[in-house]
**Q** 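Supplied in structure tokens, the structure appears directly below.
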Amino acid sequence: MVEATNFIEQIINEELSSGKVNGTYTRFPPEPNGYLHIGHAKSLCLNFGVKEKYNGKCNLFLDDTNPSKEKEEFEQAIKKDIEWLGFSYDEVTHASDYYEQIYQFAVKEIELGNAFVCDMSPEEISANRGTLTEAGKESPYRNRSIEENLRLFKQMREGKFADGEKCLRAKIDMASPNINMRDPVIYRILRETHYRTGDKWCIYPMYDFAHPICDYLQGVTHSLCTLEFEDHRPLYDWVGITLGFNPKPRQIEFARLNVTNLVMSKRYLKKLVEDGKVDGWDDPRMPTLTGLRNRGVPAEALKDFCNRIGISKANSEVQISYLEACIREYLNANAERAMAVLKPLKVTITNYPDNQTEELDFDINPNEEIKRTRKVTFSKNIFIDSDDFSLAPPPKYFRLKKDGYVRLKNAYIIKCDDIVFDKDGNPVELLCSYVPESKSGSDTSGIKCKGVIQWVEESTCIDTEIRQYGYLLKDEEYPGQDFGERMNENSVKIFNGKVEPYVMENDFDKAYQFLRTGYFKRLKLKDKEILSEIVSLKDNFNK
RNA sequence: AGGGGUGUCGCCAAGCGGUAAGGCACUGGAUUUUGAUUCCAGCAUUCGUAGGUUCAAAUCCUGCCACCCCUGCCA
């Protein structure tokens with residue numbers, strides 16, 4: 001028996017020990033009508049987590065019962081994302097794989113007297129459904145004979161009726177306080193080409209009818225879904241009971257994932273793509289899995305996040321800093337380090353011999369057990385980030401300033417002697433002197449300096465573009481900035497390393513931190529200098 | 001208003017009648033050639049609220065309050 005880490009596993013444990021089930025079979029059931037987002041990752045981790053934990057099975061089930069919204073493109077994208085996350089499913093199934101069987105089950109419901117063909121229009125059905133407090137009215141077609149229902153339903157399939165002219169309804173209870181039980185429609189006529197079955201069908205089962213059947217047919221033991229389906233569970237069970245499913249799959253609901261500041265509704269994301277507000281579903285600003293991937297978020301970090309936030313039934317909103325903590329943790333342990341500067345500022349080390357160079361060893365990742373190193377060439381002419389130099393340093397400024405010392409990472413301590421300005425008064429070059437005996441690893445200079453900055457070497461620079469991305473923000477929280485904007489794009493000189501563009505935080509209330517080329521730099525808000533940096537970033541963001 | 005849910009630290013979240021785990025965030029302090037990392041310490045006398053049962057309640061009972069979901073031939 002494995003130890004349960006959430007209420008669903010607890011339920012599974014109980015069922016396993018009572019003998020109600022003797023194994024688990026779950027399914028990840030997206031509708032192929034859009035790309036997967038971070039919310040789906042939670043469901044993915046849950047369903048595949050159960051599979052791994054109980055040595056069970058898990059299918060990728062594409063819930064394609066509404067051909068007007070679904071596309072092959074989405075199915076392929078979904079598979080690619082799941083692959084990226086590293087999950088392997090036992091089978092790929094579709095609701096459409098079971099259309100014939102679902103149809104036969106509908107016939108069975110009619111034969112059992114549990115369903116009837118209704119001639120009312122969608123408007124009439126809606127008008128007769130009643131309200132939250134009043135019972136609905138029974139359809140005048142509710143008591144048709146089984147024979148007539150059978151004949152009519154067959155004709156529906158044969159295309160004898162127009163879209164919406166008739167539908168098949170479950171005969172349950174128009175007075176039920178649960179509106180889902182008021183004779184719900186279970187089959188509708190819809191002439192729409194399905195991306196898999198083409199024009200073979202002109203009637204399609206509704207989710208509420210198809211889902212329990214597909215679960216049963218696949219041998220699913222636990223049908224995990226989000227909270228909004230709680231009210232549908234009685235209907236889910238009704239289908240299983242009336243059709244005599246044994247064993248009957250059990251639906252269990254859990255709270256969907258909300259992350260502060262992230263827009264997550266598929267409807268909204270789709271609109272962003274269609275309106276061209278973003279470059280596509282894979283735009284790094286999107287909270288889609290493919291967007292996060294493009295942003296540089298490691299799959300392992302995302303899975304770690306999903307596992308750490310847990311599963312419960314309480315509506316909640318997880319702070320994005322939690323996601324970032326997971327990403328940071330993974331990256332810190334695994335990212336290959338390289339140095340980079342975003343805004344190059346030339347530094348000439350005046351007392352360093354003109355033609356001299358030195359090969360310096362850099363750890364590719366200081367945390368790895370078997371250290372790998374990389375050579376970096378130090379010489380008279382290098383570049384640093386202009387953000388690491390200040391003309392008007394605030395108190396406790398550790399980095400480079402006029403007449404101040406700073407350590408060039410893994411190299412020497414330098415002192416800024418002079419500044420060359422352009423005609424606009426901006427510094428374009430720093431004239432510095434180095435302390436020869438301060439070389440990293442053999443420093444005998446006795447100079448203590450707190451600041452350590454990155455640098456890149458001129459002759460081996462390669463130009464690469466690094467982009468910083470903001471998040472898509474919820475418009476209700478940030479009026480007027482509903483889509484966010486791409487933040488500044490800088491040409492950057494990268495030394496000897498691959499760049500994974502990634503900006504971690506836009507939570508301006510907290511701190512601003514980002515990763516450049518696997519190298520962390522964390523700045524605290526209490527530092528006034530940083531505050532202005534954040535403000536300027538925010539300004540960029542607002543443009 | 002009828003039904004279905006949920007309320008434990010700023011944010012997640014364990015707990016299932018025996019006297020409040022953990023993570024994120026935050027705050028101190030130590031190490032540090034990344035203002036990172038690492039380390040050590042601190043961080044709910046209290047579990048939406050008011051009563052009740054009990055030797056004992058976050059856990060059981062009752063009332064109240066707050067929030068979420070439900071009136072698609074969407075999923």
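Note on naming: letters A, B, ... go to the chains in the order of the sequence lines (proteins, then strands), and numbering restarts at 1 for each one.
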**Q** Using purine N1 to pyrimidine N3 plus N6-O4 or O6-N4 for Watson-Crick, or N1-O2 and O6-N3 for G-U wobble, both under 3.5 Å, which nucleotide pairs with B:A41?
**A**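 B:U27 is the nucleotide pairing with B:A41.
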**Q** Let me know, please, whether A:Asp208 or A:Asp443 comes out on the 5' side of the other along RNA chain B by nearest nucleotide.
**A**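 It is A:Asp443 whose nearest nucleotide is closer to the 5' end.
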**Q** State which residues pass side-chain contact (heavy atoms from CB on, under 4.5 Å) with A:Asn6; sequence neighbours excluded, sorted by chain then number.
**A**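 Once residues adjacent in sequence are excluded, the partners of A:Asn6 under the side-chain contact (heavy atoms from CB on, under 4.5 Å) criterion are A:Ile8, A:Glu9, A:Ile311.
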**Q** What does A:His232 touch in the nucleic acid at a heavy-atom separation under 4.0 angstrom: a base, only the sugar-phosphate, or nothing?
**A**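 The residue A:His232 makes base contact.
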**Q** Under 4.0 Å, heavy atom to any atom of RNA chain B: which of residues 29-42 of chain A qualify?
**A**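 Output list: A:Glu31.
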**Q** Under 4.0 angstrom, heavy atoms only, what part of the nucleic acid is A:Leu408 near: base, sugar-phosphate, or nothing?
**A**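 Counting heavy atoms under 4.0 Å across all strands, no contact is made by A:Leu408.
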**Q** Can you tell me which nucleotide in B:U6, B:U34, B:G4 comes closest to the side chain of A:Pro366?
**A**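 Nucleotide nearest to A:Pro366's side chain: B:U34.
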**Q** Of the nucleotides B:C12, B:U6, B:G35, which has the atom closest to the A:Ser316 side chain?
**A**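 Comparing B:C12, B:U6, B:G35 against the side chain of A:Ser316, the answer is B:C12.
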**Q** Could you check which of B:U6, B:C73, B:A75 has an atom nearest any side-chain atom of A:Val185?
**A**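 The listed nucleotide nearest to A:Val185's side chain is B:C73.
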**Q** Kindly say whether A:Ser121 contributes a backbone atom to a donor-acceptor pair with the side chain of A:Glu124 at under 3.5 angstrom?
**A**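 Yes: the side chain of A:Glu124 pairs with the backbone of A:Ser121.
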**Q** For A:Phe398, which residues count as a ring-ring contact (aromatic ring centres under 6.0 Å, His included) partner, sequence neighbours excluded?
**A**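 With sequence neighbours excluded, A:Phe398 shows a ring-ring contact (aromatic ring centres under 6.0 Å, His included) to no residue whatsoever.
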**Q** If you look at every strand shown and take non-hydrogen atoms under 4.0 Å, does A:Asn66 touch a base, only sugar-phosphate, or nothing?
**A**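 Sugar-phosphate, backbone atoms only, no base.
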**Q** Under a 3.5 Å limit for both distances, which nucleotide forms a Watson-Crick or G-U wobble pair with B:A13, could you say?
**A**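 No nucleotide pairs with B:A13.
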**Q** Taking ring-ring contact (aromatic ring centres under 6.0 Å, His included) as the definition, give me every residue that meets it alongside A:Tyr99, ordered by chain and number, with sequence neighbours left out.
**A**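 For A:Tyr99, the residues satisfying ring-ring contact (aromatic ring centres under 6.0 Å, His included) (neighbours in sequence not counted) are A:His194, A:Trp201, A:Tyr204.
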**Q** Going by salt bridge (Lys or Arg N to Asp or Glu O under 4.0 Å), A:Asp388 matches just one of A:Arg399, A:Arg407, A:Lys409. Which one?
**A**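 In the set A:Arg399, A:Arg407, A:Lys409, the residue that makes a salt bridge (Lys or Arg N to Asp or Glu O under 4.0 Å) with A:Asp388 is A:Arg399.
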**Q** Would you mind telling me which residue lines up with the more 5' stretch of RNA chain B, A:Arg188 or A:Pro177, judged by nearest nucleotide?
**A**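 Nearest nucleotide further toward 5': that of A:Pro177.
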**Q** Output yes when at least one side-chain N/O atom of A:Arg328 is less than 4.0 Å from OP1 or OP2 of B:A25, else no.
**A**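 So the side chain of A:Arg328 is within the cut-off, an N or O lying under 4.0 Å from OP1 or OP2 of B:A25.
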**Q** Go through the structure and list residues passing side-chain contact (heavy atoms from CB on, under 4.5 Å) with A:Asn13, not counting sequence neighbours.
**A**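 For A:Asn13, the residues satisfying side-chain contact (heavy atoms from CB on, under 4.5 Å) (neighbours in sequence not counted) are A:Met1, A:Val2, A:Ala4, A:Tyr54.
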**Q** Identify whether a stacking contact exists between A:Phe398 and B:G35, where the ring centres must be under 5.5 Å apart and the planes under 30° apart.
**A**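 A:Phe398 ring centre within cut-off of B:G35 base, planes near parallel; stacks.
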**Q** Where does the angle between the aromatic ring planes of A:Trp281 and A:Tyr35 fall among parallel (under 30°), tilted (30 to 60°) and perpendicular (over 60°)?
**A**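 Parallel: the ring planes of A:Trp281 and A:Tyr35 meet at under 30°.
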**Q** Both distances under 3.5 Å, Watson-Crick or G-U wobble: report the partner of B:U19, or none.
**A**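 No nucleotide pairs with B:U19.
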**Q** Base, sugar-phosphate, or nothing for A:Lys69, non-hydrogen atoms under 4.0 angstrom?
**A**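 Counting heavy atoms under 4.0 Å across all strands, the contact made by A:Lys69 includes a base.
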**Q** Just name whichever nucleotide pairs with B:C74, Watson-Crick or G-U, keeping both distances under 3.5 Å, else none.
**A**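 Its partner is none (no Watson-Crick or G-U wobble pair with both distances under 3.5 Å).
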**Q** By the 4.0 Å heavy-atom rule, please label A:Met156 as base, sugar-phosphate, or nothing.
**A**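 Nothing: the residue A:Met156, judged by heavy atoms under 4.0 Å, touches no strand.
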**Q** Does the ring centre of A:Tyr236 sit less than 6.0 Å away from the ring centre of A:Phe229?
**A**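 No.
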**Q** Please state the P separation for the pair B:C24 and B:U33 - nearest whole angstrom.
**A**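 That atom pair is separated by 25 Å.
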**Q** Between B:C24, B:U34, B:A13, spot the one nearest the side chain of A:Ala314, thanks.
**A**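 For the A:Ala314 side chain, the nearest candidate turns out to be B:A13.
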**Q** Please name all residues satisfying ring-ring contact (aromatic ring centres under 6.0 Å, His included) with A:Tyr434, sequence neighbours left out, ordered by chain then number.
**A**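 Residues passing ring-ring contact (aromatic ring centres under 6.0 Å, His included) with A:Tyr434: A:Tyr352, A:Tyr412.
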**Q** Tell me what A:Asp63 touches on the nucleic acid: a base, only sugar-phosphate, or nothing, going by heavy atoms under 4.0 Å.
**A**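 Sugar-phosphate contact only - A:Asp63 comes under 4.0 Å of backbone atoms but never of a base.
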**Q** Using the glycosidic torsion, which applies to B:G72: syn (within 90° of 0) or anti (everything else)?
**A**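 Base orientation relative to the sugar is syn.
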**Q** Return no unless some side-chain N or O of A:Ser126 is found under 4.0 Å from OP1 or OP2 of B:G72.
**A**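 For A:Ser126, the contact criterion (side-chain N or O under 4.0 Å from OP1 or OP2 of B:G72) is met.
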**Q** Is there, by distance only and without an angle test, a donor paired with an acceptor across the side chain of A:Glu253 and the base of B:G5 below 3.5 Å?
**A**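 No.
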**Q** According to the Watson-Crick and G-U wobble definitions, with both distances under 3.5 Å, which nucleotide is paired to B:U33?
**A**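 In the structure as shown, B:U33 has no Watson-Crick or wobble partner.
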**Q** Residues two or more places apart in sequence or in another chain: which of them pass side-chain contact (heavy atoms from CB on, under 4.5 Å) with A:Lys154?
**A**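 Scan of A:Lys154 (side-chain contact (heavy atoms from CB on, under 4.5 Å), adjacent residues dropped) gives A:Tyr103, A:Glu158.
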**Q** Output the single nucleotide from B:A75, B:C24, B:U6 whose closest atom is nearest the side chain of A:Tyr322.
**A**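 Nearest listed nucleotide: B:C24.
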**Q** Test of understanding: with side-chain contact (heavy atoms from CB on, under 4.5 Å), list the residues that count as partners of A:Asn180, not counting sequence neighbours.
**A**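 Once residues adjacent in sequence are excluded, the partners of A:Asn180 under the side-chain contact (heavy atoms from CB on, under 4.5 Å) criterion are A:Asn178, A:Asp231, A:His232.
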**Q** Let's see if you get this right: which residues in residues 130-140 of chain A place a heavy atom under 4.0 Å from RNA chain B?
**A**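 Hits under 4.0 Å, by residue number: A:Gly130, A:Thr131, A:Leu132, A:Thr133.
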**Q** Select base, sugar-phosphate, or nothing to describe what A:Thr65 touches, counting heavy atoms under 4.0 Å on all strands.
**A**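 If one applies the 4.0 Å heavy-atom cut-off, A:Thr65 turns out to touch the sugar-phosphate alone, with no base involved.
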**Q** Counting side-chain heavy atoms from CB outward, which of B:A13, B:C73, B:C24 is closest to A:Arg129?
**A**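 Output: B:C73.
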**Q** If you compare every side-chain N and O of A:Gln10 against the phosphate oxygens of B:A14 (OP1, OP2), does one of them come in below 4.0 Å?
**A**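 No, A:Gln10 has no side-chain N/O under 4.0 Å of OP1/OP2 on B:A14.
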